[in-house]
Amino acid sequence: MVKINMERILYMSLRAKLGIILAVFAIIPSFVIYNQIMKTYEADMVKVASQNVQSIVKTNNNLIDTTLNRIEDASYLLLNNKDCFDCFSNMDIFTVSDFLNEDRVISDVLGKQFAANNTVYAKYLYMSKWIFDTNNTSMKPTVEEIQKFGLDKKAAEAGGQVLWITGYDYGKWFQTEYLSKKENYKYQYPITMVRQMNFQYSQNGKLYVMKNEQERPVLVVHVLEETLASLYESSVNYEGSIYGVVNEEGRIISSDNKLFPITSLVPERILNLKSSSGYTSYWINNIEYLLCYDDMEGRNWFSFCLIPMTEVIQTTKEQMQNSQRWITMVLLAASVLIAALLSSTISKPIAALTKSAERVSTGDFSADTPVPRGKDFKILTLTFNHMETEITRLIDENYKISLREKDTLIMALTMQINPHFLYNTLNTINMMAILNDDHETSDLIVSLSEMLHYSFRNTNEKIPLSDEVQWTINYINIMSRRFEGVFETKIEIPDELMVYKVPKFFLQPIVENSILHGFEGMSGGGILRLCAEKQGDFIVFTVSDNGKGMEITDYENILQKTGGGSIGLSNVYRRLSLIYGDNYSIELKSEPGTGTTFYLTLPCQS
């Protein structure tokens with residue numbers, strides 16, 4: 001009988017043999033180890049739990065400290081802001097209008113400085129004459145309320161260093177009658193940072209600082225108590241646990257239990273543990289608690305956590321029992337699965353890599369190939385995933401670089417056409433022409449001034465067609481005086497098209513080509529037509545002249561876009577290509593002795 005059973009075992013499949021062996025050598029030792037651990041571990045349960053909870057308190061303290069340091073670092077970087085320096089260095093001569101204008105500037109600066117810090121609830125810069133950026137929260141104190149509280153004096157006493165004010169009731173300290181009567185509100189117990197700001201900035205190797213007699217603004221940043229509490233809540237998984245944070249005066253600044261109300265002084269025995277780290281027992285209402293505490297170096301604050309001692313032991317036992325059950329279940333399942341998986345440790349990784357290769361061939365670089373446990377295939381799969389990640393990163397980087405190059409090139413091409421004259425000088429010349437009754441010269445100067453003003457006024461890539469047409473009319477007016485009697489202009493553009501957006505400076509180079517080259521050698525009779533009409537989702541612009549025209553070889557050279565003799569036309573072609581891609585068209589028709597016509601088709605854009 002024994003021989004028959006042994007033969008059955010010997011001739012079982014490899015998967016069955018592996019399952020039996022793994023079950024025997026995994027499950028039996030786990031029970032032995034569990035029983036031995038429970039006998040020796042009970043005496044050390046409290047110690048291990050204490051160390052675990054203390055490490056949690058330390059971690060929470062580091063998180064709180066890091067959060068506050070980020071706010072302090074942001075205030076330090078703000079000291080070198082030039083906009084703030086300019087504002088607060090010239091405040092003595094400000095009017096109400098100046099204050100309102102600068103308030104928008106300072107609000108924008110503060111918004112950007114603290115944009116990445118979502119723990120900040122409210123922030124503003126206080127001066128005895130004005131409070132900048134009172135934000136959109138309900139924390140909008142007046143100058144008088146801040147002075148009653150003494151925030152400015154506290155900041156001055158700190159001498160430009162960061163000062164944290166905690167453990168106070170906002171409504172009572174700011175002597176706000178409405179808030180003093182409310183029992184609870186969102187920002188009742190804020191964590192407040194103040195800092196006297198000595199603004200400065202460096203330029204061309206020279207350091208600029210505020211004068212000694214100038215009033216220094218005070219930066220005020222409020223963090224909600226609930227924000228501080230969110231950093232440690234749910235971190236201790238014991239029923240009936242109590243968590244609190246204490247400031248340098250021994251006052252509770254954050255707590256999750258009414259036994260330790262905020263702004264109250266912490267019991268003396270707990271306060272005596274300040275500036276140290278460890279754990280001990282503590283009694284409250286005849287109930288023994290495990291007290292774990294840790295100080296925050298550099299702030300003179302500390303945190304503590306109280307856990308009922310019965311919960312510590314019971315929870316640890318339950319955790320051990322649950323762990324044992326899960327281990328047993330896992331080992332049983334593993335014994336069955338491992339035998340099956342060992343036979344497929346080669347075929348499945350190869351199939352997964354093949355499927356991933358097919359996915360990559362379609363352009364999908366999601367890098368989600370499952371990593372097998374086998375060492376050889378694990379290295380191969382990790383390398384394959386890393387390759388996909390790097391390809392995705394390079395594609396993204398190249399795309400961003402191409403976008404930046406496009407924006408830079410568009411701006412550079414636009415700046416080629418921008419006139420760089422002196423607007424005020426032209427106005428002076430205009431006045432002199434008027435005084436000398438030279439109205440013809442005055443008209444030319446006015447046209448040129450309007451063109452210059454248009455160039456500098458709007459730096460957008462696209463503008464209303466009405467602005468572009470007016471710019472072109474001013475240019476034609478100037479060229480008409482230069483070529484007196486040589487040509488006349490006819491413009492036929494419907495008013496309803498004037499609201500559409502078009503690229504800046506795209507018509508004038510085409511008109512210039514007709515005037516300078518089309519009417520070259522003519523003494524009169526020239527006609528320049530500028531027309532536009534809407535065709536579906538496009539606008540077709542037509543610029544024609546009855547000038548001398550050109551040979552086919554000449555205008556084919558012009559249509560090559562990047563070459564030719566006209567910088568203005570080449571600039572227009574290149575800018576249109578960058579803005580619209582292939583979604584535009586240019587057509588040129590010309591015959592010697594008859595004239596030249598440009599057809600330019602652009603997409604409609606409201």
Side-chain angles (χ1 to χ4, degrees), residues 33-35 37-65 67 167 183-184 186 188-189 191 224-247 250-274 276-296 301-330:
I33 294 172
Y34 170 74
N35 291 327
I37 288 176
M38 290 302 296
K39 291 179 180 179
T40 58
Y41 189 71
E42 288 184 5
D44 297 328
M45 284 182 180
V46 174
K47 180 179 179 181
V48 172
S50 302
Q51 293 172 346
N52 290 338
V53 174
Q54 187 188 8
S55 67
I56 293 173
V57 175
K58 283 180 175 289
T59 301
N60 292 338
N61 276 355
N62 290 334
L63 186 57
I64 294 172
D65 193 53
T67 301
E183 293 185 3
N184 295 291
K186 188 173 185 179
Q188 186 171 8
Y189 305 110
I191 315 299
L224 296 181
E225 186 275 332
E226 66 181 38
T227 301
L228 193 68
S230 68
L231 300 177
Y232 61 77
E233 65 180 359
S234 303
S235 60
V236 180
N237 298 319
Y238 287 96
E239 187 72 25
S241 64
I242 302 171
Y243 204 103
V245 182
V246 183
N247 68 5
R251 294 189 179 277
I252 302 290
I253 65 176
S254 181
S255 172
D256 61 0
N257 194 288
K258 293 182 179 180
L259 286 175
F260 295 89
I262 301 175
T263 73
S264 66
L265 290 171
V266 75
E268 185 175 356
R269 185 184 170 193
I270 296 180
L271 184 61
N272 290 335
L273 302 174
K274 186 179 178 181
S276 61
S277 179
Y279 51 87
T280 185
S281 61
Y282 187 80
W283 291 82
I284 301 177
N285 298 330
N286 297 322
I287 299 176
E288 185 181 11
Y289 285 81
L290 170 65
L291 171 61
C292 299
Y293 52 92
D294 182 65
D295 68 318
M296 296 187 202
W301 298 1
F302 76 98
S303 300
F304 65 90
C305 181
L306 290 163
I307 305 170
M309 196 67 73
T310 54
E311 281 294 323
V312 174
I313 299 174
Q314 183 61 30
T315 301
T316 305
K317 284 184 176 180
E318 291 177 356
Q319 289 175 349
M320 287 293 298
Q321 292 171 355
N322 290 334
S323 298
Q324 174 59 23
R325 293 191 190 102
W326 278 107
I327 290 173
T328 302
M329 293 172 62
V330 169

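If you're wondering where the values come from, they're calculated on a predicted model, not measured in any experiment. Positions are given from 1 along the sequence. When reading the values below, keep in mind they use all heavy atoms of this one structure, side chains included, and skip hydrogens, waters and symmetry mates.
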| message | When you compare the side chain of Y279 with that of V53, does any pair of heavy atoms fall below 4.5 Å? | response | no

| field | Sequence-distant partners of S264, side chain to side chain contact (heavy atoms under 4.5 Å, CB included), two or more places apart | value | I252, P261

| task | Please list, chain by chain and in numerical order, all residues satisfying ring-ring contact (aromatic ring centres under 6.0 Å, His included) with Y293, sequence neighbours excluded. | result | none

| query | How would you list, by chain and number, every residue that makes a side chain to side chain contact (heavy atoms under 4.5 Å, CB included) with L224, sequence neighbours excluded? | reply | Y121, K186, Y187, E226, T227

| field | Pairs involving residues 250-259, ordered by first then second residue, that meet salt bridge (Lys or Arg N to Asp or Glu O under 4.0 Å) (sequence neighbours left out) | value | E249-R251

| task | Give, for atom SG of C292 and atom CG of N52, the distance between the pair rounded to the nearest 0.5 Å. | result | 9.5 Å

| field | Atom pair OG/CZ of S255 and F304 - distance to nearest 0.5 Å | value | 6.0 Å

| request: Name all residues meeting the side chain to side chain contact (heavy atoms under 4.5 Å, CB included) criterion together with K274; count only those two or more places apart in sequence or in a different chain, and write none if there are none. | output: E248, L271, N300, F302

| said: Could you work out, with side chain to side chain donor-acceptor pair (under 3.5 Å) as the rule, every residue matching S303, not counting sequence neighbours? | reply: N61

| Listed partners of E233 passing side chain to side chain contact (heavy atoms under 4.5 Å, CB included), at least two apart | S230

| remark: Sorted by chain and residue number, the ring-ring contact (aromatic ring centres under 6.0 Å, His included) partners of Y189 (sequence neighbours excluded) come out as none

Please tabulate, for side-chain N and O atoms in residues 281-290, each donor-acceptor pair with protein atoms closer than 3.5 Å (sequence neighbours left out).
none

| Pairs where residues 48-60 contributes a residue and the test salt bridge (Lys or Arg N to Asp or Glu O under 4.0 Å) is met, not counting sequence neighbours | K58-D294

| Partners of Y232 by side chain to side chain donor-acceptor pair (under 3.5 Å), sequence neighbours excluded? | S254

| remark: Taken in chain and number order and not counting sequence neighbours, the residues that satisfy salt bridge (Lys or Arg N to Asp or Glu O under 4.0 Å) with D65 are R299

